[in-house]
Amino acid sequence: MTPEQLSDVVRSAVAAAVERGDLAVAVPEDVVIERPKNPEHGDYATNVALRLAKGAGRPPREVAELLATELRAVDGVAAVDVAGPGFLNITLAKDALGQIAVRVVTAGEAYGRTDVLAGQRLNLEFVSANPTGPVHIGGTRWAAVGDALGRLLSASGAEVTREYYLNDAGAQIDRFARSLQAAALDRPVPEDGYAGQYIGEIAAQVLTAEPELLARPEEEQVTVFRERGVELMVAEIRSSLAALGVEYDVFFSELSLYASGAVEKAVARLREQGHVYEADGAVWLRTTTFGDDKDRVLVKADGETTYFASDCAYYLDKRGRGFDKVVIMLGADHSGYVGRYKALVAATGDDPDTNLEILIGQLVNLLRDGEPVRMSKRAGTVVLLEDLVEAVGVDAARYALARASVDQQIDLDIELWTRRTNDNPVFYVQYAHARISSVLRGAGDLGLSLGEAGDVDPAVLEHPREGDLLRALGEFPRVIASAAELRAPHRVARYLEELAGTYHRFYDSCRVLPRGDEEATPVTTGRLWLCAATATVLRNGLAVLGVSAPERM
RNA sequence: GCCCCCGUAGCUCAGGGGAUAGAGCACUGCCCUCCGGAGGCAGGGGCGCAGGUUCGAAUCCUGCCGGGGGCACCA
């Protein structure tokens, strides 16, 4: 019996008590089932009696006793105790707990998938670094976390489109183009321009494609450097993201919003809705109406539109494509955007609390020899996605970036990472998988196999460490679901570390394979199923994080 | 000045109102005639401060103190 099933069982018990008139309460939507830390508190516990007591007008323990009687009659429930202020501690029958292993193996890759977010159409935008340079370490964090979040949301039944917004218009792109031109002409880096090795490399590539370029008038040169340069830069960004295993459904061009007239239409629409005014020669959106600190400029006095104007058009485009909710991941250096973006959504007539979700993640600090490394894209002193991957590999890079809460700043000591030490928990988790694979290989060598689901007796899994492992495996779907709902991929990583530890403890005290000339027993078969189930969950969990589950290391 | 994030073990961090607050690393002492010792067992030590809400607060609210980030007709 899984925790979800138990939750239904308890809920039914409440409903039955209400039906009989023993309890006068509204039956709760869902009942929280916890895994007690203390083994004396049974396999599972619920605080449902504590929650219902007030509404029922009766002491919690009395409600608990009532439900305990109800639950003891349920098939698969071995014991129910009322404890403390009114907790119900539930012990499952051995076979009901052991059945989890069979369930996991049978479900395979599907184990952990739920429909808790079914029916939601989400647009998930992440990274969206300007195509004026390679993806640096900060963007890499959002790549790892955003990709994992996308997988989590999909696994929970949401329909997700992963999107990268290319800011391929505007002043920064002009600076980028002029920087390329300067490099090609061997001139110094322009004021506010970009430096770094990649500028020279891209300039050279543009010249290879357009050998006669430098013979043309300077303004034409800039145009070509802009178009070709952005194209090359975008290709490089896409390829480094792909190298990290990060996939997108859509790369969306800001320029296309201008080409299609969407920006003008967006401004016109907001004007019709009465939120646009003119002052000091500029066109403003009255975002203060919707709680922003100050109003925002859409069109500058010089006639140029701002990024905010294209943001408006972009948001409307996403909504026009049918997404219920627009989810955007941004770094802490963009936290000031939240207010204006919420206001913009409200101005279009949408509800900023349901149609928009901005996830702010804290920045990655780089340390070298304990000293902070100052990063500047323009000066070219950055650590890139490729650098990180080269230093630690894709698995460790993704895992390390995704295992921390996005609310937490990460201090990344480069020396530590390049040294590739054992304190990276990804090895701990992967090792557990490799160890299980080795056991299963050994079983094959002995001519043993899992057989069919009917060949295993779940009741033989009665060792305390087996129970620990079964309960841990039973948690997985809830871990995935809550991580998706909380937008917290790191919870999956933490869970996997806990699961790996639980497996190692099981392995240490429960011999799986027969030794010497011993015969295989029903316990052997049961434990093989338990091993296979653990491997399945480790694989499924690592897959969510985009990390491989090696069979040998 | 205003807004956002953080403050939990020596260090790096988990803990979406529940029972005795956890893990890794570090330190100390143990455990393979046996499936991968990249493992396991045991030990010491912690919720920044002050109020509030609650039967119950690391968790929610307020204030303060520290650390980081943001407050452009920049992107």
Side-chain angles (χ1 to χ4, degrees), chain A residues 32 34 36-38 40-41 45-47 50-51 53-54 59-60 83-87 89 130 132 167 169-173 175 192 254 279-284 292-308 331-340 358 360-363 365 403-411 413 416 421-425 427-428 430-432 434-443 445-446 465 482-483 485-486 488 490-491 493-495 497-498 500-501 503-516 518 524 527 531 552-553:
Chain A
V32 177
E34 292 179 311
K37 293 173 203 119
N38 188 334
E40 287 171 18
H41 294 159
T46 176
N47 62 359
L50 287 160
R51 296 197 171 281
K54 204 167 205 170
F87 290 103
N89 292 335
N130 284 358
T132 52
N167 290 113
Q172 293 292 351
I173 292 293
R175 287 178 193 146
D192 292 330
E254 182 189 8
D280 304 327
V283 179
W284 299 71
D292 196 10
D293 297 338
K294 57 190 81 170
D295 292 337
R296 306 290 168 178
V297 172
L298 293 167
V299 185
K300 296 189 267 182
D302 63 7
E304 293 281 317
T305 50
T306 62
Y307 268 25
F308 187 57
D333 53 342
H334 285 69
S335 62
Y337 272 39
V338 177
R340 79 189 66 169
I358 298 185
I360 296 293
Q362 299 302 307
L363 302 177
N365 291 317
R403 95 181 272 269
S405 158
V406 293
D407 287 336
Q408 195 77 38
Q409 290 181 28
I410 304 180
D411 285 328
D413 191 312
L416 194 78
T421 56
N422 283 345
D423 26 2
N424 192 334
F427 292 114
Y428 185 75
Q430 289 183 316
Y431 174 68
R435 200 181 210 188
I436 296 170
S437 301
S438 173
V439 171
L440 295 176
R441 277 195 301 273
D445 294 345
L446 294 172
R465 297 292 84 75
S482 64
E485 286 171 326
L486 292 169
H490 75 280
R491 284 174 172 252
R494 302 297 175 149
Y495 164 80
E497 289 164 32
E498 186 191 318
Y503 179 79
H504 289 313
R505 281 184 285 280
F506 153 79
Y507 178 89
D508 210 56
S509 44
C510 296
R511 174 80 198 186
V512 178
L513 299 178
R515 51 185 109 187
E518 288 175 1
T524 308
R527 288 179 176 170
C531 286
R552 289 188 168 85
M553 294 177 72

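So that the names make sense, note that chain A is the first sequence line, chain B the second, and so on, each numbered from 1.
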Look at all strands and tell whether A:Ala432 reaches a base, only sugar-phosphate, or nothing, counting heavy atoms closer than 4.0 Å. nothing
Taking atom C1' in both B:G56 and B:C49, what distance in whole Å separates the two? 22 Å
A:Tyr431 has a side chain; which of B:C71, B:A19, B:G39 sits nearest to it? B:G39
Distance check: side-chain N/O of A:Ser335 vs OP1/OP2 of B:G70, anything under 4.0 Å? no
Could you measure between the two C1' atoms, the one in B:A57 and the one in B:G51, and give it in whole Å? 13 Å
Spacing of A:Gln409 atom CD relative to B:A14 atom P, expressed in whole Å: 12 Å
P atoms of B:A58 and B:G68, separation to the nearest Å: 28 Å
Touch class at under 4.0 angstrom, heavy-atom based, for A:Asp302 against every strand present: nothing
Does A:Arg527 reach a base, just sugar-phosphate, or nothing at all? Heavy atoms under 4.0 Å. nothing
Nearest to side-chain heavy atoms of A:Trp284, which nucleotide of B:C73, B:G18, B:C5: B:C73
Is B:C55 paired to anything, Watson-Crick or G-U wobble with both distances less than 3.5 Å, and if yes, which nucleotide? B:G18
I want to confirm an ordering. Mapping A:Val512 and A:Ala488 to their closest nucleotides on RNA chain B, which one lands closer to the 5' end? A:Ala488
Below the 4.0 Å mark, does B:C13 have OP1 or OP2 next to a side-chain nitrogen or oxygen of A:Arg494? no
The Watson-Crick or G-U wobble partner of B:G1, with both key distances under 3.5 Å, is B:C71
Is any side-chain heavy atom of A:Met553 closer than 4.5 Å to one of A:Tyr431? yes
Nearest-angstrom distance, C1' atom, B:C73 to B:C61: 39 Å
I want to know whether A:Tyr503 and A:Phe506 have ring centres closer than 6.0 Å. yes
Is B:G24 paired to anything, Watson-Crick or G-U wobble with both distances less than 3.5 Å, and if yes, which nucleotide? B:C11
Scanning all shown strands, the Watson-Crick or wobble mate of B:C34 with both distances under 3.5 Å is none
In whole Å, measure the gap between the C1' atoms of B:A21 and B:G16 for me. 16 Å
Test for a donor-acceptor pair under 3.5 Å between the base of B:A19 and the side chain of A:Asn89, counting only N and O atoms. yes
How should the glycosidic conformation of B:C32 be described, syn or anti, under the criterion that syn lies within 90° of 0? syn
For a quick check of understanding: with a heavy-atom distance under 4.0 Å over all strands, which category does A:Arg552 fall into, base, sugar-phosphate or nothing? base
Separation of B:G24 atom P from A:Gln408 atom CD, nearest Å, is 19 Å
Between B:A26 and B:G67, how far is it from one P atom to the other, in whole Å? 31 Å
Can you identify which nucleotide, out of B:C73, B:U20, B:A72, has its nearest atom closest to the A:Asn38 side chain? B:U20
Could you tell me the Watson-Crick or G-U partner of B:G63, where both distances fall under 3.5 Å? Say none if there is no partner. B:C49
Heavy atoms from C-beta onward define the side chain here; which of B:A19, B:G40, B:G68 lies closest to that of A:Asp508? B:G40
Is there side-chain contact between A:Thr306 and A:Val299, with heavy atoms separated by less than 4.5 Å? no
Nearest 0.5 Å, what's the CG-CD distance between A:Asn167 and A:Gln172? 9.5 Å
So, are A:Arg441 and A:Asp445 salt-bridged, with charged N and O less than 4.0 Å apart? no
Do the side-chain N or O atoms of A:Lys37 get closer than 4.0 angstrom to the phosphate oxygens (OP1, OP2) of B:G15? no
Please report the distance separating the P of B:G24 from the corresponding atom of B:A14, rounded so that it comes out in whole Å. 16 Å
Ranking A:Leu513 and A:Leu363 by the position along RNA chain B of their nearest nucleotide, the one closer to 5' is A:Leu513
Please work out if A:Arg403 contacts a base, only the sugar-phosphate, or nothing of the nucleic acid, heavy-atom cut-off 4.0 Å. nothing
Classify A:Glu304 by what it touches in the nucleic acid, base, sugar-phosphate, or nothing, heavy-atom distance under 4.0 Å. nothing
Of the options B:G39, B:C55, B:A19, whose atoms approach the side-chain atoms of A:Tyr428 most closely? B:G39
From the list B:G18, B:C73, B:G36, which nucleotide is the closest neighbour of the side chain of A:Ser438? B:G36
Using a heavy-atom cut-off of under 4.0 Å over every strand shown, decide if A:Ser482 touches base, sugar-phosphate, or nothing. base
Is A:Cys510 touching bases, backbone alone, or none of the nucleic acid, heavy atoms closer than 4.0 Å? base
Below 4.0 Å: OP1/OP2 of B:C34 and any side-chain N or O of A:Tyr507: no
What does A:Leu50 touch in the nucleic acid at a heavy-atom separation under 4.0 angstrom: a base, only the sugar-phosphate, or nothing? base
Taking any heavy-atom pair under 4.0 Å as a contact, classify A:Ala53: base, sugar-phosphate, or nothing. nothing
Check: A:Thr132 and A:Arg175 side chains under 4.5 Å, non-hydrogen atoms: no
Kindly point out which of B:G36, B:G69, B:A19 is positioned nearest to the side chain of A:Asp333? B:G69
Minimum-distance nucleotide (side-chain atoms of A:Leu486 versus B:C73, B:G67, B:G16): B:G16
Are A:Leu298 and A:Trp284 side-chain neighbours, meaning at least one heavy-atom pair lies under 4.5 Å? no
How is A:Ala443 classified with respect to the nucleic acid when contacts are heavy atoms under 4.0 Å: base, sugar-phosphate, or nothing? nothing
Side chains of A:Pro425 and A:Arg403: does their closest heavy-atom pair fall under 4.5 Å? yes
I want to check one thing: is the phosphate of B:G15, taken as OP1 and OP2, less than 4.0 Å away from some side-chain N or O of A:His490? yes
Does a side-chain heavy-atom distance below 4.5 Å link A:Tyr507 with A:Arg465? no
Which nucleotide in the list B:G40, B:A19, B:A72 gets nearest to the side chain of A:Arg505? B:G40
A:His504 has a side chain; which of B:A14, B:C35, B:G39 sits nearest to it? B:G39
